[in-house]
Structure formats: C-alpha cells, structure tokens
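To start, the structure under review is shown below, and the notes come after it.
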Number of protein chains: 4
Amino acid sequence: MAQLLDAAAKVFCTSGYTSASTNAIAREAGVSPGTLYQFFPNKEAIAIELGGRLLEDWHRSHGAALEATSLDLPFDQMLDAVLDPLFAFNYENPAFAVLIHGPGAPGQITQEFEAIHASLLTRLEGVISSYLPDAPPAQLTLIANTSFAIFKAGLDLVLTHEGTEREAYATEVKRAMYRYLEPLFPEDHTESCASFHTP
Amino acid sequence: MAQLLDAAAKVFCTSGYTSASTNAIAREAGVSPGTLYQFFPNKEAIAIELGGRLLEDWHRSHGAALEATSLDLPFDQMLDAVLDPLFAFNYENPAFAVLIHGPGAPGQITQEFEAIHASLLTRLEGVISSYLPDAPPAQLTLIANTSFAIFKAGLDLVLTHEGTEREAYATEVKRAMYRYLEPLFPEDHTESCASFHTP
Amino acid sequence: MAQLLDAAAKVFCTSGYTSASTNAIAREAGVSPGTLYQFFPNKEAIAIELGGRLLEDWHRSHGAALEATSLDLPFDQMLDAVLDPLFAFNYENPAFAVLIHGPGAPGQITQEFEAIHASLLTRLEGVISSYLPDAPPAQLTLIANTSFAIFKAGLDLVLTHEGTEREAYATEVKRAMYRYLEPLFPEDHTESCASFHTP
Amino acid sequence: MAQLLDAAAKVFCTSGYTSASTNAIAREAGVSPGTLYQFFPNKEAIAIELGGRLLEDWHRSHGAALEATSLDLPFDQMLDAVLDPLFAFNYENPAFAVLIHGPGAPGQITQEFEAIHASLLTRLEGVISSYLPDAPPAQLTLIANTSFAIFKAGLDLVLTHEGTEREAYATEVKRAMYRYLEPLFPEDHTESCASFHTP
DNA sequence: GATGAATGAGGATTCATTCAT
DNA sequence: TATGAATGAATCCTCATTCAT
C-alpha cells in the first residue's frame, strides 16, 4: 500500500533504515503491525519496494524525458539537466538518499539496497559510455563508480543544507563532477563550459 | 582501556556502529559488560574515544610529519603525500571509516561523530586556506565540505576493493580531488601535474 | 468444504496441529481465510470435522465390513484383519495419527481431540467386551485404554518407517498386542496363533 | 539456573513444549525475559538442559543402583524393579514425559529431544541385549523401539490417572511389557512370573 | 576494579480471527 | 458466498545499561 510506503519513507528519513522499526512504520501509517506484514514479508521488502517505487517515480517524472534529450547536450549542460532535477527529486523524496546509502557500514551494500544501487549505476555507466564509446569496460566501471560515489556524497551535502547554501553546494558538487569527468571527453564544446572553470 | 577500544574497533568494523552491541564489545575485549561501563558511560563515549585515539594515532604516525612538509609541495604531490598514507591508515584501521560516517542516515551526524568529523574538517580547511589565503570563510567552508565529502566517498570506494582495483580507485579518487581543487589555485606549478590530466 | 479439510489434513501432517495456521490451511485450499471461517468457527472445529470425516472414511472403506466379520475370527486373525487395514488407512491418511495424538503434552487430550479419541476407544471397548463378556466395566476400560495406548504408540512406529522396516514394525506391534490381549481370552483357538508365539 | 529449569518444567507440563513461551517461563521463575536468555541461548536449549538434568537426577536417584542390581533378577522382578521407580520419578517430574514426547507430530523427534530419546533407548537396548545376547542388532533395535513406544504410551496412561486407577494402569502396563518381552527370553524362571499370567 | 546476573522496553514477526465490501 | 485487508496481542529474542557483590 502506498500509505505504508509513504510512512516507511518518513520513518526511514527520521531514523535511518536500521533504526526504523516496522512497528513505527505501521503506526505512522495508521495501521497495525499485522497489516504491514500482509503487504510486505519483512523490513527488507519494504525498502526494496520503496526503492523501486522511487526509481519509477523518478523515471516517470523526469528520468525518461532526460534520457531522451540530455545526451545531445554539451556535457556541462547535460550535468545541469540531469543533476538539478535529481537534487530536486531527492529533496522531495529524502528517503531516496537513505536507500542509496545502505543500512550500516558503507561499502557493505546488502541485498535490499543492491537493486537501487545497481539500477542507478547501470544508467550512469550508460551515460558515460555514450561519451566514452571506446573505453574498456573496466575503466567504465571505475569511472562510473567514482562518479556515483561523488554524486552520493554531494547529494548528502546538498540535502543537509537549506536555501542559498543548498544552491551553493549544488553548484559546487556539479562543479566537482564536471571537473572530474570533463577531461575524459576530448570534445570541442569546451568553450560552452566556461561557467564551471572559474571558482 | 586500550583493550576495550581495540575490541570496539573490531566490532564496529564487523557490524557497523548501530549493530555493534556493548556486550559484544566487552566479550571481544574479554571483560564483563560491567567493566566496560566503568571506563565509558555509554556506547557513544566508546565511539568518541575510539575516534580520538585513531585521530591521535594518525597524527603521531603520519599526520604531524605531513603537515610540516606537505604544504611546500606542489599541489598534486601534496595530494599524493597526504592521501596515500591516509588511505593506508584507513586500511589498517577500518574503524576510522565507520566512525567518519555516522550511524544511520548520512548527513545526520549525531553528536558522537561530530568531533571526529569536525577535527578532520578543520584540518582540511586549514590546508585549503593555505592554498587560497584570500578566499572568504564561507567559500572555504564550502570547498572544504565538498572536498571532505569526496574524500569520504572515495575512501569507501578504496576500502571496498582489493589489490590492483584498490590502487586504481585510489588513483581515480586522487584524480577527482585534484581536478576539483586544482583550478582553485592559480599557481604556476601546473606542468608538474600532468599525470592527473590524462585519463 | 472437502477442499478445506483436505488442505487441513495436508497442513496438519506437515506442521503438526499446533503449528498449522488457519491462514496456511486456507492458502493450501486456495481460498481466503475469511472463507475458511464461513465453514468452521475456529481451528478446533476444523480438527474435529476432519477427525469425523476420517472416521467416517475409515468406517465406510473398511471398518464396517470388519465389524461384521472379524469378530468371528480367531483372535490372532482378527488382529491381522483389523490392524493391517488400519495401518494402511493411516498411511494413506497421515492426518489421522496427528489427530489421535493431541496438540501438546500427551495425556492432555483437549476438547477437539476428545471426540475422535472417544469414538475409537468405544469401538475398541466393544470388541474387547465381545471377547470378554463377563469382565467388569472398569477392567474393560482399563484394558481398552491400555490397548489403545499400545496401538497409538505402535502406529507412530509403523508410520515413521518405510518398506521392510515398516512391515517389521507392523508385525512387532501386532505381536505385542496379541501377547498382551491373548491371555485374557481363555479360548481354545490357541494353536492357530502359533505365529505370534515365536520371536 | 535451577530456578529457571524448575519454572520451565512447570510451564512445559502446563502448556506442552510448543505452547510454552519463554516469557511465561521467565515470569514463572520470577525473572525478566532478558535474564532467561543470559543462561540459555533459546527455547531449545532450555529443553535440552532440562532433559539432561532430569536424566542425571534419575540416574543419581535410582538409575545407577538399578543398573547394578536389576539385571540379575528374573525378568518379571526386573520389570517391577525398573518400572515402578521410573513411574514414580515421572510422577514427581512430569516434565520428563513432556520431553520424552517431542513438540509436535509424534515420530518427528526434533534435535532438542533427540538426546533424551537416544539416551533412554540406548539404555533399553542394553538391557534387552543382556537378555538376548544372540539377537542380531536389527532385531534388538526393533524390540527396543517397540518396548520404548509401549513404555511411553503406558507412562502417559499412568500419569494421567490418580490413586487406585494409577496403580491399576501401572500394573497393566507392566503386564503388557512383560507379556510382550517374556517370550523372547527362553528362560526357566517362568514359574516366578505367574502373577503376570492371569488377568 | 571487576564482575555478571538482572533488567524491561523494544525489536521483527506470526496468527487466529473479524468484518466491510 | 467469498474476499482479503485489518487486527493486536503474543511470539522469541536483543541490548544498553545498572548494581549488588
């Protein structure tokens, strides 16, 4: 039930995944614990389903359109076109960030978070390979993982700030991403990226 | 007791901070739970103290020397000089990474992790300000936070891989850091940084 | 619904009565839990009804015929004539054995199992009294209960073995029953019982 | 703690093993659930430990003496010498009977009950083999299992009755055992067993 | 100083049963 | 008549913390 997933999103954001209790989720949703377990076999399943729904939401609202158009843009504009809505989406759905990071020690992605992780990573790898068609797969993975790590870290930075600060962090994270990735792509559209060159 | 902190480090690495139980730490240390609470008032205090000790360890073993010498190096060499030992230190003390990230939802630094966080951030801000003496404090903070975020994310990447892959990620993370920070410093030592320019 | 009782039989055999959940029975029957409760007021009632149906099945398939003919047989042949089909019936309907024994501590027959218990016991008492027409009722009950206990215990033994072993146990249980009961009946057909006399 | 095992024994007798809740055991023992789990890792362990303690108790109080002397007795006296104290012990420790029978469907001995089962069965097999030294192992097992089944069933019968009835059942069960086993032993002490021959 | 038994609220999960549709 | 979501107390078990010894 959407009601339960909404409640789960709220509780995950408040307490983190590990500390979120199924009873708290049920209470937040205004149902009994038993009801929760009629829809989800366990806590993991809630996270998985919530991740899936958020992924879908993102795709429906922005992702699909982006994938259709953004790849034709120069790299810096593409970054804006992708990351700005992505930041906005995460601000409106802060549970997404919780799910992107796993439950406990980072780097220890457990099954329930593998899916959302893999989905985003695959998409990212696709984008990068479209800019770097000749790179060997190992390097693609390397770059994608590094970019994704920077994105995740930057996302937290953006989400934990408000107002002008948030915007400053958003710009800074995009700048970092741009500078990291831009030299990889020996294109001639460098002039259009002037804005990221100056601090 | 060092014995207790060692045990805590081990258990934190194995289970993450949240899932680590004080009883497990006591057992690992070979003492009773009561003994643990004679040295630390609660679980938080263990994390804080462990963080403090690791910070000291780092400082004693490399940090102090680095701070004395590295600032005179060209920027790219400074990055190598700082990050390589830092990665190595984290590999030998994986609890450090656990403490750098908090317990639950990222961005929600709770009190026990504030100290270690702040300590590292302050030091980083110092380094950056030495390269950017004229920048306003707000920008310094912005850059330091962003750099720190990239470092933390990159550290996880490095720690979760082994052998050749680990080295590749270490290089890639340093590359990302370098590319992010280098344009900020309008120095003339750019030619020496050639290695980071080509993918 | 027969469908529900079949499902209950299956689940009772798989999980035992206590661990069998009404939801599992409904699922096995391919109906919703609500439907189950339209036919049975509670779990007990399912057991009772299933017991009744199995009793009927037994009576229809063998019991009736047996009662008509077996009493004329010499005692050892009667035992074969009764116990062999009874063992076979229990092998084909293993739920019967589950229902014969109660849910928890043995000897603590709860209401739902009282019926099936009493029904079998009454029949057994009838048989015994036909061989011992002059015995006082108390002794009849004593013998019937003891015989029934041996039968139940032996039945488990038979049902938990397969193939040749099963047959060996069936024979052994019949031997025990015979030896226990035979001296009670001072008949002259002893010579026909030779097979049970030698180990 | 003995306190906990006593409480467990009481609750097991009241509710059976499956329905006995660890919280109920703790409450009965006058401690909190957490305390229980400091002594036993789980419910199974309680049953195992309780079984072990009862087995020891039996051995210490009667079993050891019996094994030293009873095998020299004629068979019928041996039965009295063994079964009477055994019935008495079970009456004083009714949890023993609960543990002898498993949790759910009979014949499905689960691990926690395997030990107590095996221990008794081994001892029984020993006794029988001392009377039947030339029997093949398979037959020994067959006889031991059958005898044990009869004993367990008879024990329930004895335990569920009181006063004169109990004695009558005890005698009857011993009679059944005697009659089952006696023909196996071609001894010449048959005359001493006259009491079991007449109903 | 060290112990380790004791706590008890809280965790995830189950299940017999109900009731609005 | 059948559904299946809803219930909520109860299940086993955990854990940070305390305190008498």
Side-chain angles (χ1 to χ4, degrees), chain A residues 1 3-4 11 15 17-27 29-47, chain B residues 1 3-4 11 15 17-27 29-47, chain C residues 1 3-4 8 11 15 17-27 29-47, chain D residues 1 3-4 15 17-27 29-47:
Chain A
M1 217 54 131
Q3 185 184 357
L4 275 165
V11 177
S15 331
Y17 172 75
T18 306
S19 301
S21 86
T22 55
N23 284 9
I25 294 172
R27 201 179 319 119
V31 302
S32 72
T35 301
L36 186 154
Y37 280 88
Q38 219 147 19
F39 293 87
F40 304 100
N42 51 41
K43 202 167 119 175
E44 278 189 42
I46 303 175
Chain B
M1 219 130 192
Q3 188 182 356
L4 274 164
V11 177
S15 332
Y17 173 75
T18 306
S19 301
S21 86
T22 55
N23 284 4
I25 294 171
R27 201 181 317 120
V31 303
S32 72
T35 301
L36 186 154
Y37 278 87
Q38 232 142 17
F39 291 86
F40 304 99
N42 52 39
K43 198 167 124 177
E44 280 189 40
I46 303 174
Chain C
M1 219 127 189
Q3 188 182 356
L4 274 165
V11 177
S15 331
Y17 173 75
T18 306
S19 301
S21 86
T22 54
N23 285 3
I25 294 171
R27 201 181 319 121
V31 303
S32 73
T35 302
L36 184 154
Y37 278 87
Q38 231 140 19
F39 291 86
F40 304 99
N42 51 39
K43 200 167 123 176
E44 281 188 39
I46 303 175
Chain D
M1 216 55 131
Q3 185 184 357
L4 275 164
S15 331
Y17 173 75
T18 305
S19 301
S21 86
T22 54
N23 283 10
I25 293 171
R27 203 180 316 119
V31 301
S32 72
T35 300
L36 185 154
Y37 280 91
Q38 219 148 19
F39 293 87
F40 304 100
N42 51 42
K43 203 167 117 175
E44 277 189 42
I46 303 175

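Basis for what follows: all heavy atoms, side chains included, without hydrogens, waters or symmetry-related copies. In what follows, chains are A, B, ... by sequence order, proteins preceding strands, each numbered from 1. This structure is a prediction, so every number in the text was calculated from the model and none was measured.
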Exercise. Looking for any heavy atom pair under 4.0 Å, which part of the strands does C:F39 touch: base, sugar-phosphate only, or nothing?
Worked result: sugar-phosphate
For this session: Taking only the side-chain nitrogens and oxygens of A:T22, find out if one of them lies under 4.0 Å from OP1 or OP2 of E:dA12.
Result: yes
For this session: With heavy atoms under 4.0 Å as the rule, sort A:A20 into base, sugar-phosphate or nothing.
Result: sugar-phosphate
Problem set entry | Along DNA chain F (nearest heavy atom to each residue), the more 5'-positioned of D:N23 and B:G34 | D:N23
For this session: State the dot-bracket string of DNA chain E. Criteria: Watson-Crick or G-U wobble, both atom distances under 3.5 angstrom; notation: ( ) intrastrand, [ ] crossing earlier pairs, | interstrand, . unpaired.
Result: .||||||||||||||||||||
Exercise. Contact class for D:T35 (heavy atom, under 4.0 Å): base, sugar-phosphate, or nothing?
Worked result: base
Exercise. Can D:Q3 and D:F39 be said to form a side-chain contact (heavy atoms from CB on, under 4.5 Å), step by step?
Worked result: CA-CA 11 Å; D:Q3 185 184 357; D:F39 293 87; over 6 Å; no
Exercise. Just checking, A:K43 and A:Y37: is the charged tip under 6.0 Å from the six-membered ring centre and within 45° of the axis?
Worked result: no
Exercise. Which pair of heavy atoms, one from A:A24 and one from A:V11, lies closest together, and at what distance?
Worked result: O-CG2, 4.1 Å
For this session: Would you indicate whether the side-chain heavy atoms of D:F40 and D:M1 approach each other to under 4.5 Å?
Result: no
Seminar exercise, completed: Between A:P41 and D:P33, the residue closer to the 5' end of DNA chain E by nearest nucleotide is D:P33
Exercise. Rounded to the nearest 0.5 Å, how far apart are OG of A:S32 and CD of A:Q38?
Worked result: 8.5 Å
For this session: Dump the intermediate steps for side-chain contact (heavy atoms from CB on, under 4.5 Å) on D:L36 and D:N23, then the final yes or no.
Result: CA-CA 9 Å; D:L36 185 154; D:N23 283 10; over 6 Å; no
For this session: Under 4.0 Å from any heavy atom of chain B: name the first and the last nucleotide of DNA chain F that qualifies, 5' to 3'.
Result: F:dC15 to F:dC19
Problem set entry | Sidechain-backbone polar pair: C:T35 side chain, C:V31 backbone, donor-acceptor under 3.5 Å | no
Exercise. Rounded to whole angstrom units, what separation is found between the CZ atom of B:R27 and the C1' atom of E:dG4?
Worked result: 13 Å
Problem set entry | Within-4.5 Å side-chain heavy-atom neighbours: C:T18 and D:S19 | yes
Exercise. Which part of the nucleic acid does B:S21 contact within heavy-atom distance under 4.0 Å: base, sugar-phosphate only, or nothing?
Worked result: sugar-phosphate
For this session: With DNA chain E as reference, determine whether C:N42 or B:Q38 sits nearer its 5' end, using the nearest nucleotide of each.
Result: B:Q38
Exercise. If you take all heavy atoms of C:S15 and C:A20, which pair is closest and at what distance?
Worked result: CB-N, 4.0 Å
For this session: Would you kindly compare B:S19 and C:L36 by the position of their nearest DNA chain F nucleotide and give the one closer to the 5′ end?
Result: C:L36
Problem set entry | Whole-Å gap separating P (E:dC15) and CD1 (C:I46) | 14 Å
